[in-house]
Every structure is written in structure tokens, then in C-alpha cells.
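Structure record follows, encoded as C-alpha cells.
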Amino acid sequence: FFVTMGMWPSSRRGDAEAFLDGPQLTVNSPSTSSRSGRRGRPYLSRWQKVSASLLAALLCSTSHPFGTAGAIPITEWTSQQPPPGPVAVRSRMSKYRNSQTKVPELRPAEAEFALDMFQRAFPQNPTEEGLLIRRWEMIAGLFGSGEAANQLVEGEPAILREEMRKIQTCVHYVKLKMGEEAAMEMFMTCPYLLTKRGNTLRETIDALLNVLGSKDRLKDLLMKYPGLAHVPTGHFYGGLGDVIAVAGSPEAAYEVTKEARERVVKSPYGCLVPQCYPALVAILGGIEQAHAALDREPTIMRHYAKNMFPMVLRLRELLGKDLAQKVMNEAPYLLIAEDKVKHGHEEAINVRQVQVGFRTLNHYFGREEALRMVEERPELMTLGHSLRTVARYAERKLGSKEAVRDNFEGVLRRTGLMDHLKYKKAPRPRQGYWSYAKKHQIKKRIFAPWTAASNKLGRDTPIIGQWNPHPMDDEAYEDEDEDEDGVADSALQEEVTKDDRSDGTLPFSIPTFEKQE
């Protein structure tokens, strides 16, 4: 039928003859080839095109006996995967293949627990399940068993988000620097360390060993403060420019860093140190004072020396060089730099706050008495704008500036600033280190009372804080405060000095190295 009508399959979609595209016909017609104007393109007369259109309409009609006999019913396609359910329910893979041999195999049953923990922690993560299983198998191979991998994922589900090469590099360098047993203990105790970059750890471990002097002390420090795994490092002699800026002259810089420089020369780990370490020795007046400050606030090493200089300059302008150095030794948290990093911004002390706090004390007590109070209680300066607002309110409430000066401790108690001072003095990080597993457990930033951020009606409303209307006798609360402070100070001292090592030394006690020949 098609041959008698002279139909050829069309090579261009959209023409009328395209409706009848079927098997390739082998009929050649010299007459039609020559009349087409192009080789392989047949010439169709008008009656042939009309016949083709009528035949196509006839075949598509439902009334034709051949219209629906062999037609495939068109239905709406639906996904074979189940609809998304609760957090614990996961759309599982129907096929799983070995990553090396590409042979289909069963899903590892031990990985179900790790996958469930990951799904609960990151319900919106689009990572394919096969890739998560391969990462779990890699972790199980590094640590010897699937149970160890499940324990690590339970402690920190975010390790399944990291690339396999990153985890392998981290484990390799920690084993190389610390030893296999110590590395396994560190990772099992603090799985968050597996999210750190191995190439950075390679330099950080050497720099921290030059400060601590012992791998056991470094192991305890990293398990307690995993954020110190990424510390800006530099050569000790590269920081002499910062030391000269602090000391005032090359001769004074040479004298203040003499002991630290001799100890770094004898170190078997090279001359890498935390970038702020040389400047910290110069700011605090010696290596013993610097190690005492690091024992109190280890997170100082996470910051650059240049970020400490504004606070040092402001304290020297307000208090003088000698008293400023004494205050910084007493309260090393003043040197924690104010940066915009999410981990360090909450812990920082604003330079402007310190200036406003000291000027408030100077206004109500005079300069000599203000200097004496700052020397005994340097944390008073950290109250900043809260102290100024409370003092002005108390002056209007009590009637005079002398009344505020005479009942200063009572004013701090009534307004809640006395309790907030304990939070100001607490060692950093005051709410624990941040990790993916603990991000929901970390409390929000604690603001001081009588600040715009702590207003219940909003930041734009007038600052209103608590004020106890009942008179409070300072003598009645003196013994109680001394007992509470004594218990708190003793507990804090016990926590700082608590150490399981047999030698009884503190983590930042000055180590000694034998000179390398």
C-alpha cells in the first residue's frame, strides 16, 4: 500500500509525511529522485499529501477497527520510593554495589545504626546513602571494627559529612605525631577531632608541643579543647616584630624573651609556636607569667597577636604600664581578641566596654580609689555600659553620688551585676566547645543585666532592669558572699589544678628540652 502510493520516510520532523514514518523502504524511483531537487528527498504531489493526511486521521480515529487495538494505555507515573516519613525513617537504596569490584552485595547491617544517627542529626542532608555507607566502611577500616565506627558516629554524626581523604589525612598525621595508641584514645574520646584538617594539624601539633613540652599534656589538652587543633602558627623569630612593638626597643625585647628563646632553640620539634606566643611573653613580662595565663585561658592561643594590641594599648593608657601588666596577669581573659568568628565573638571582651567601666569607677570613686579597685577586682571593668547605666539609675534612686559610692556592693547585688561577675570570670569556653553534635545543647549568649539586649520589651525600648526595692545590709550579706566565693574559688582552683599525671605538673608548666646536637 505504502509502496504503491510512493511514500518515503521523512528525514525532517513536522512535515505531513512524517505521520507515516515506518520501516525504511528500499524502493527507489528515479523519477521522484530527480524531481525532488535533493538526493534522498522524494517529491510528493498534492494528492499524495492529502491522501497521507486522510490516512493518518483514519488511523488515529477511535471509530476505526485498528484505532485502539494495539495502543498502550497512558497512565500517570508514580515514584516507587515511599513518601518521606519521620526523622528516623530513611529512603533506602534498592541496590548496593561494592565500591571497588562493582559487584552487587548486601547492605552492611552494622551501618544501619550510624545511618539512623546521621539522619536524625541532619534530616535535610542530600548525600546519597551509598556514599555514606562507603564512608562508614572507611572509618570502620581505620578503627578496626564497625562497633568503633558506630561509637564515633554516635559521638559526632558530622564525620559522615566529611570527605574520606580528609578523615584519612587527619588520622594519618595524628598517628604520626602522637603515636597510634594516643591517637586512638583521642579520637574515641573526642570524635569531633576527625572533622579537623590533617594538613593543619601537622603544624599545630609541633607548635603546641613546643609550648607544652609533652605529648601526654597535649593529648589531654586537645581532648578538653578540640578547638585548639587549628591554631595559627608561626616561627618564634618571626614574631620578634610584635615583641619589639610591645617592649618598646630591640634591647628590651631581647631581654624579656631570652628564656623563652633559649628553650625553643633546644626543642626537638623545631621553632614553630602559636603565633601569639612571643607577643604574649612580652605583654605579661616573662615566660612564667605567660604559661600561668595559658593555664588559666588556653583559648588565647587561637587568636593573633595583632588583635591583642588594642586592649594592651587601652589598658596602658588608663592604668599605666606597670598596673596594666599586673591586671592582665590577674585577668588574662582580657586579652582574648574581639573577632567576628562565631566561636570567639561571644568570649571576647570589648575594648570600649573596659574603657567605659573604668571611667565609671573613676567618676564615682576618684582615680586613686578606682585604680585600687581595678587592681583587686579587674573584672569590674568588663561590666562596661551595664555598670554605667546601673550607677546612673542608682544615683537617681538613692539621691546622690556619695550614696552610690557608700553602698556600691548593695547596688551590684540589687541589679544582678554581682552574679554576672562570676560569669565574666569563668574560664573560656564558658559554655563548652562547639560541635555539630552539641550545637543544640549550647545555650544562647548570656547578656549582662541592664543592657539593650536583655530588655524584655525589645532593644529599642528604654533600658529597664531588676532592682530589689527592699533595703539590703552589706554586713548581713558579707559572710554569705565570702562563703559562696570561697566555695566557688576552691572548686575552680581544684578544677584547674586537677591532673591525673604522676608528676603533678600543670598542662602549661614550663618544660625543659635537652639541646640537640
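All values below come from the heavy atoms of this structure, side chains included, with hydrogens, waters and symmetry mates left out.
Taking a cutoff of 4.0 Å between a charged side-chain nitrogen and a carboxylate oxygen, D206 and K177 qualify as a salt bridge. Ionic pairing of D116 and R120 is present here: one or more N-O contacts between side-chain nitrogen and carboxylate oxygen are shorter than 4.0 angstrom. Classification of R372 and E376 as a salt-bridged pair holds, one side-chain N sitting under 4.0 Å from a carboxylate O. A salt bridge does not link E181 with K215: every distance from a Lys NZ or Arg NE/NH1/NH2 to an Asp or Glu carboxylate oxygen is 4.0 Å or more.
The shortest side-chain heavy-atom distance between P449 and L417 falls under the 4.5 Å cut-off. The shortest distance between side-chain heavy atoms of V374 and L380 does not fall below 4.5 Å. At least one side-chain heavy atom of E317 sits less than 4.5 Å from a side-chain heavy atom of L313. When side chains are defined from C-beta on, H291 counts as touching V211, because their heavy atoms get closer than 4.5 Å. You'll find the side chain of D242 stays beyond 4.5 Å of the side chain of K306, heavy atoms only. Between V411 and L398, some side-chain heavy-atom pair lies under the 4.5 Å cut-off.
In this structure, the side chain of K425 does not engage the main chain of E379 through any donor-acceptor pair within 3.5 Å.
Ring pair W467/Y393 is perpendicular by interplanar angle, where above 60° counts as perpendicular and below 30° as parallel.
Paired with Y364 under the rule side chain to side chain donor-acceptor pair (under 3.5 Å), one option of E402, E395, R405 passes, and it is E395.
Under the 6.0 Å cut-off for aromatic ring centres, F365 and F408 qualify, their centroids lying closer than that.
Here the straight-line distance linking atom CG of L272 with atom CZ of F236 works out to 12.5 Å at 0.5 Å rounding.
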